[in-house]
Amino acid sequence: TENQPVILVGSSMGGYVSLVAASHPRVISAFLMAPALYMPGYQHQQYPLLGDRVTIVHGWHDEIVPVDNALRFAREGDCTLHLLDADHRMLDQLDELCDLFEMFLKQIPGAGNAGPD
């Protein structure tokens, strides 16, 4: 429905788009994987600061989006940041990524109960 809260999830440029869209009042939380923040040429360089409503997961060895960009946003935005021993795609850390996403959902009131039984 029109008034339901929204949880955004995005990876790379999708993380950037999710964070730009997060200023909408219905957005209650965002889970971002290697978000392409502070990238040269991107229109938005300032993002809504949602504090503990944002969780970022980023690979230490990201060759596409510098890990320093995630560190900067986490520091400025006072949000949760998980750094993995991974590259941009984090394919070798999928189990850890799933665990972190599950933890993220459990912290959102009512979200942990969503989905099929």
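Note on Tyr16 and Ile7: separate hydrophobic clusters, where clusters join Ile, Leu, Val, Met, Phe, Trp and Tyr whose side-chain heavy atoms are under 4.5 Å apart, directly or indirectly. Both Val20 and Val65 belong to a common hydrophobic cluster when Ile, Leu, Val, Met, Phe, Trp and Tyr are linked at side-chain heavy-atom distances under 4.5 angstrom. Linking Ile, Leu, Val, Met, Phe, Trp and Tyr residues whenever their side-chain heavy atoms come within less than 4.5 Å places Leu49 and Leu19 in a single cluster. A continuous path of hydrophobic side-chain contacts links Met103 to Val9 [ILVMFWY only; heavy atoms under 4.5 Å]. Put simply, Leu105 and Leu50 are part of two different groups of oily side chains (I, L, V, M, F, W, Y) that touch within less than 4.5 Å, one to the next.
Under the salt bridge (Lys or Arg N to Asp or Glu O under 4.0 Å) criterion, Glu63 pairs with no residue, sequence neighbours left out. Partners of Phe31 according to the ring-ring contact (aromatic ring centres under 6.0 Å, His included) rule, which considers only residues two or more places apart in sequence or in another chain, are Phe101, Phe104. For the side chain to side chain donor-acceptor pair (under 3.5 Å) test, residues two or more places apart in sequence or in another chain that qualify with Ser12 are His88.
The side-chain hydrogen bond (donor to acceptor under 3.5 Å, both in side chains) analysis of residues 43-54, with sequence neighbours excluded, yields no pairs. For residues 59-87, no residue pair satisfies the ring-ring contact (aromatic ring centres under 6.0 Å, His included) rule, not counting sequence neighbours.
With a 4.5 Å cut-off on side-chain heavy atoms, Leu100 and Glu96 count as touching. Inter-residue side-chain proximity for Leu81 and Leu71 is flagged as met; some heavy-atom pair is nearer than 4.5 Å.
Here the rule is side chain to side chain contact (heavy atoms under 4.5 Å, CB included) with Gln93, and of Leu84, Asp87, Asp99 only Leu84 fits it.
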Less than 3.5 Å apart, which donor and acceptor atoms pair up between the side chains of residues 32-41 and the rest of the protein, not counting sequence neighbours?
{"residue": "Tyr38", "atom": "OH", "partner": "Glu76", "partner atom": "OE1", "Å": "3.0"}

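Across all their heavy atoms, Val54 and Ile56 have their closest contact at CG1-CG1, 4.1 Å. Listed here is the closest heavy atom pair of His58 and Ala70: ND1-CB, 3.5 Å.
Taken from CD in Gln107 to OG in Ser29, the straight-line distance is 8.5 Å, to the nearest 0.5 Å.
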